[in-house]
Novice: 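I'd like to ask some things about the structure below.
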Amino acid sequence: MRELARLVELSKAHARHFDALALGVIDFKSGKCTLLGDTEIFFDLASVTKVLAGASVYALHADKFGAQERLLLEHRAGLPAWGLLPNPGWREQLLAYPVRDAETLYSDFSCMRFNLAVEQIFGKATPALLQDHWHPELRFWRDLPSAARCPVTGARGRGVIRGEVHDPNAWVIGEWCGHAGLFGTLEGVCQTLLKLNKTCQLLPFVRDGQRGHSHRFIYGWDRVSDPGATLAGKGCSPATFGHLGFTGTSVWIDPERQVGHVILSNATRDGWYMKEEINEFRRAAGELIWKSL
């Protein structure tokens, strides 16, 4: 872990486009986490929200969902990838799209439509179903503690974005919509993943679901297509699954080794396209972790 700690400090010292960075390593066998870097900060998790919310509900209640919901969760439902949604009217627009079996297209709209399906099936929004599974330091952005420390993740209008969700649709809608909106500390994210593995056997559930599965996403989780070049870090097993977040966050879990890692940053601080530094860190940190096992 000394090498990892040094990597975190060096990356922060030499980064030009982010100034907040945290790295967590999760040992699912022992139930313990190693936390490095800015561990007290609430980060905008961006699309990591998708797996901590929708994918988690699916893992807990898979028997409640049908083929249509799985297509939505796995980005195979034929919905557009993205677009600016109106408020009011965003629900109606999403519900107007037909759901059909289609080629994989990573889609915020597909994830948002899945969360609407959750509301229709359970009569409550996704956070209400997960309140006993989320760590207290995992919060919807409008419910952040008043004293929460948050890094700048970009600019909106004439001001900086700090403590507000970066995603424009999530910000305009202002209520739970499922594709973005969660903030969390490093411990909040790591402990939530540990708890989900205990309550729904997350690692074997996703690992076993990959057998014979040819599509990129499985139950809402992204898969490693090239273990030699993946942002999860060289050396992970082919069964590794996870997700990236636009603001510079990521989660990767190797179910064969029963180890995962979480990276939280504010890589969009100076612009949405400034990802070289955080991607370099993602690969280097992951490779160090897999080599150490």
Side-chain angles (χ1 to χ4, degrees), residues 3-4 7-8 11 15 17-18 21 23-28 45-52 54-55 58-59 70-77 81-82 101-108 110-111 179 189-190 193 197 202-265 267-268 272-293:
E3 286 184 279
L4 282 172
L7 178 62
V8 171
S11 296
H17 302 300
F18 62 84
L21 177 65
L23 169 66
V25 181
I26 309 170
D27 184 338
F28 288 94
L45 303 180
S47 285
V48 170
T49 297
K50 291 179 171 71
V51 291
L52 293 174
Y58 189 88
R70 183 164 175 181
L71 288 174
L72 289 166
L73 194 61
E74 295 180 352
H75 306 279
R76 298 188 287 123
W82 192 81
D101 194 341
E103 293 297 318
T104 299
L105 175 65
Y106 180 70
S107 167
D108 280 359
S110 192
C111 180
H179 70 297
V189 177
C190 292
L193 290 167
N197 192 49
L202 178 65
L203 272 63
F205 176 71
V206 180
R207 179 199 62 202
D208 295 348
Q210 296 188 61
R211 293 170 181 162
H213 185 78
S214 60
H215 301 284
R216 173 180 165 183
F217 293 90
I218 177 70
Y219 307 145
W221 292 89
D222 205 351
R223 303 170 70 197
V224 170
S225 57
D226 182 359
T230 175
L231 290 175
K234 184 178 179 181
C236 62
S237 79
T240 299
F241 61 91
H243 214 285
L244 300 178
F246 184 78
T247 50
T249 59
S250 59
V251 172
W252 291 104
I253 299 170
D254 187 332
E256 303 298 339
R257 296 180 173 95
Q258 296 188 56
V259 169
H261 62 81
V262 175
I263 295 172
L264 306 179
S265 79
T268 52
W272 63 267
Y273 51 88
M274 305 290 192
K275 298 295 178 65
E276 294 87 354
E277 291 171 339
I278 194 60
N279 284 343
E280 181 179 334
F281 178 78
R282 283 165 164 164
R283 292 189 180 95
E287 185 170 355
L288 275 176
I289 291 165
W290 308 133
K291 279 183 177 180
S292 70
L293 302 177

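Start at 1 with the first residue, then count along the sequence.
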Novice: Rounded to the nearest 0.5 Å, what's the gap from CD1 on I278 to OG on S265? Could you check?
Specialist: 3.5 Å
Novice: Taking the side chain as every heavy atom from C-beta outward, state whether D108 and F246 have any atom pair closer than 4.5 Å.
Specialist: no
Novice: Rounded to the nearest 0.5 Å, how far apart are CZ of R211 and CD1 of I218?
Specialist: 11.5 Å
Novice: Inspect the surroundings of CD in E256 and state if more than 12 heavy atoms from other residues, nucleotides or ligands are less than 6.0 Å away.
Specialist: yes
Novice: Carefully, step by step, assess E287 and R283 under the rule salt bridge (Lys or Arg N to Asp or Glu O under 4.0 Å).
Specialist: CA-CA 6 Å; E287 185 170 355; R283 292 189 180 95; over 6 Å; no
Novice: Quick one: do I263 and T249 satisfy side chain to side chain contact (heavy atoms under 4.5 Å, CB included)? Show the steps, please.
Specialist: CA-CA 5 Å; I263 295 172; T249 59; over 6 Å; no
Novice: Between CG of D222 and OG of S250, what distance do you get to the nearest 0.5 Å?
Specialist: 11.0 Å
Novice: Kindly write out the residues that satisfy side chain to side chain contact (heavy atoms under 4.5 Å, CB included) with H243, not counting sequence neighbours, or none if the list is empty.
Specialist: S47, K50, V51, Y106, F217
Novice: Apply side chain to side chain contact (heavy atoms under 4.5 Å, CB included) to the pair V8 and F281, showing each step before the final yes or no.
Specialist: CA-CA 8 Å; V8 171; F281 178 78; 3.9 Å; yes
Novice: Hey, does T49 have a side-chain heavy atom less than 4.5 Å from the side chain of C111?
Specialist: no
Novice: Check whether S292 reaches the backbone of I289 with its side chain - one donor and one acceptor, N or O, closer than 3.5 Å.
Specialist: yes
Novice: State, to 0.1 Å, how close P238 and P227 come at their nearest heavy-atom pair, and which atoms those are.
Specialist: CA-CG, 4.4 Å
Novice: Any chance you could measure R282, atom CZ, to T230, atom OG1, to the nearest 0.5 Å?
Specialist: 10.0 Å
Novice: Does K275 qualify as a cation-pi partner of F18, given the criterion of NZ or CZ under 6.0 Å from the six-membered ring centre and within 45 degrees of its axis?
Specialist: no
Novice: Among residues at least two apart in sequence or on other chains, which ones pass side chain to side chain contact (heavy atoms under 4.5 Å, CB included) with L288?
Specialist: E3, L4, L7
Novice: Calculate, to the nearest 0.5 Å, the distance between atoms SG and CG belonging to C236 and L293 respectively.
Specialist: 11.0 Å
Novice: To the nearest 0.5 Å, what is the distance between CG on D27 and SG on C190?
Specialist: 12.0 Å
Novice: Step by step, work out the side chain to side chain contact (heavy atoms under 4.5 Å, CB included) result for L203 and F28.
Specialist: CA-CA 9 Å; L203 272 63; F28 288 94; 3.8 Å; yes
Novice: At their closest point, which heavy atom of W252 faces which heavy atom of L244, and how far apart are they?
Specialist: NE1-CD2, 3.9 Å
Novice: Is L71 close to D101 at the side-chain level, that is, under 4.5 Å between some pair of heavy atoms?
Specialist: yes
Novice: If every non-hydrogen atom of V262 is compared with every non-hydrogen atom of I26, which pair is closest and at what distance?
Specialist: CG2-CD1, 4.0 Å
Novice: According to side chain to side chain contact (heavy atoms under 4.5 Å, CB included), who are the partners of S107, at least two apart in sequence or on a separate chain?
Specialist: H75, L79, F109, S110
Novice: Using side chain to side chain contact (heavy atoms under 4.5 Å, CB included), reason through V224 and F241 one step at a time and then give a plain yes or no.
Specialist: CA-CA 6 Å; V224 170; F241 61 91; over 6 Å; no
Novice: For R223 and H215, indicate whether the former's side chain and the latter's backbone hold a donor-acceptor pair under 3.5 Å.
Specialist: yes
Novice: Is the shortest heavy-atom distance from the side chain of R257 to the side chain of S237 under 4.5 Å?
Specialist: yes
Novice: Does W272, at its CH2 atom, have more than 12 non-hydrogen atoms belonging to other residues, nucleotides or ligands within less than 6.0 Å?
Specialist: no
Novice: Between H261 and W290, does the ring pair (Phe, Tyr, Trp, His ring centres under 6.0 Å) criterion hold? Intermediate values first, please.
Specialist: CA-CA 10 Å; H261 62 81; W290 308 133; 5.3 Å; yes
Novice: Minimum heavy-atom separation for L73 and G54, please, with both atom names.
Specialist: CD1-C, 4.0 Å
Novice: Strictly below 4.0 Å, N to O, side chains only: are R70 and E74 in salt-bridge contact?
Specialist: yes
